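Here's the structure, in structure tokens; my notes come after.
Every heavy atom of this structure was used, including side-chain atoms; hydrogens, water molecules and symmetry mates were not. In this text the structure is predicted, and so the values were computed from the model without any measurement.
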2 protein chains.
Amino acid sequence: MNPAGRPIAPPEPLDLMFQALADPARRGMVERLTLGPASVSELAAPYAMSLSAVVQHLQVLEASGLVASQKVGRVRTCQIRPGALSLAEQWISARRTEWERRLDRLGQYLADHPEDEEGDLR
Amino acid sequence: MNPAGRPIAPPEPLDLMFQALADPARRGMVERLTLGPASVSELAAPYAMSLSAVVQHLQVLEASGLVASQKVGRVRTCQIRPGALSLAEQWISARRTEWERRLDRLGQYLADHPEDEEGDLR
DNA sequence: CCAACACTGAAGTGATCACTTAAGTATTGC
DNA sequence: GCAATACTTAAGTGATCACTTCAGTGTTGG
């Protein structure tokens, strides 16, 4: 049980996604991989951390679905999974369009009722 | 010092942003706030956690820049900051367009060289 | 005035995170 | 064959996270 005593819920895909993107090293690896596939050591090169740490970041990225990899010989080659980011993108753009619509309605209301005062959040 | 013994870097805005979005309760609060401003207790209502926990989530959301709030009397009213999500949106769409460009180049190459075999990641 | 209300702040706890080191296991070039 | 290469796995550590409880503080309706 967790601290709340409630049953643990399995993490949703969006949780894993945003969690994966929340670390600058992981974002950096994704940025690198958008330029093309790379081996683990190539991905590790820009970072001061151990290879082990990089592999652990890679595992997070794979669990989130952002990255896939396959091993050939002794080299593991990683690539981004193109469709993966669209889930996060959709959530964000849904919020954006929602509040744009809301601001439009508010603007329309204010235009229709110019006598009303500002400062009202409702 | 951190476990690596290296100096700590201050978290980047995108770190705070994605970290804030990585929790389902916080995303839920953002979703609620896209429909319009709400008080702390209104935001807390759907959740089984304590009010204190909700306030702590709200602090994370404020630190990320996603949410703003002001107190009037004994009620704190929260609203989303419309522009905030665009930072995350831009990062994601930058990656998307980058790998789309890359896939286009790859497709063009394959079209120009139909004799080549598949399975090459380079 | 005073009780109910809407938070606020501090302290504590167990789980998870971001690393580390150390000791493996397959591959490959020579 | 054998050393170098490219990871892989396990165990450990301190920091941070997501909560909790409890004890305030300021506000407001009756």
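Side-chain nitrogen and oxygen atoms of A:His57 include at least one within less than 4.0 Å of the OP1 or OP2 phosphate oxygen of C:dC19.
In this structure, A:Met49 atom CE and D:dT13 atom C1' are separated by 17 Å, rounded to whole Å. Following rounding to the nearest Å, B:Gln70 (CD) and C:dT8 (P) show an atom-to-atom distance of 12 Å. Following rounding to the nearest Å, B:Leu58 (CG) and C:dA6 (P) show an atom-to-atom distance of 16 Å. Atom OH in B:Tyr47 sits roughly 14 Å away from atom P in D:dT20 (whole-Å rounding). Straight-line distance from the CG atom of A:Leu16 to the P atom of C:dT16: 13 Å, rounded to whole Å.
Atom-to-atom distance recorded for B:Leu58:CG and B:Leu66:CG is 11.0 Å, nearest 0.5 angstrom. In this structure, CD in B:Glu31 is found 10.0 Å from CD in A:Glu98, a value given to the nearest 0.5 Å. For the atom pair CD1 (A:Ile80) and CG (A:Leu35), the distance works out to 9.0 Å, reported to the nearest 0.5 Å. Atom CZ in A:Arg81 sits 9.0 Å away from atom OG in A:Ser64 (nearest 0.5 Å). For the atom pair CZ of A:Arg27 and CZ of B:Arg95, the computed distance is 9.5 Å after rounding to the nearest 0.5 Å.
A side-chain donor-acceptor contact under 3.5 Å links B:Ser69 and B:Glu62.
Around atom CZ of A:Arg76, more than 12 heavy atoms belonging to other residues, nucleotides or ligands sit under 6.0 Å away.
Looking at residues 22-33 of chain A, you'll see A:Asp23, A:Arg26 sit with a heavy atom under 4.0 Å from some atom of DNA chain C.
A parallel orientation is assigned to the rings of A:Phe18 and B:Phe18, their planes being inclined by less than 30° (bins at 30° and 60°).
Position along DNA chain C of the nearest nucleotide to A:Ala53 versus A:Gly73 favours A:Ala53 as the more 5'-ward residue.
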Item to complete: Take nucleotides 3-11 of chain D nucleotide by nucleotide from the 5' end and write B, S or -, depending on whether a protein heavy atom sits under 4.0 Å from the base, only from the sugar-phosphate, or from neither.
Response: -BBSBBBB-
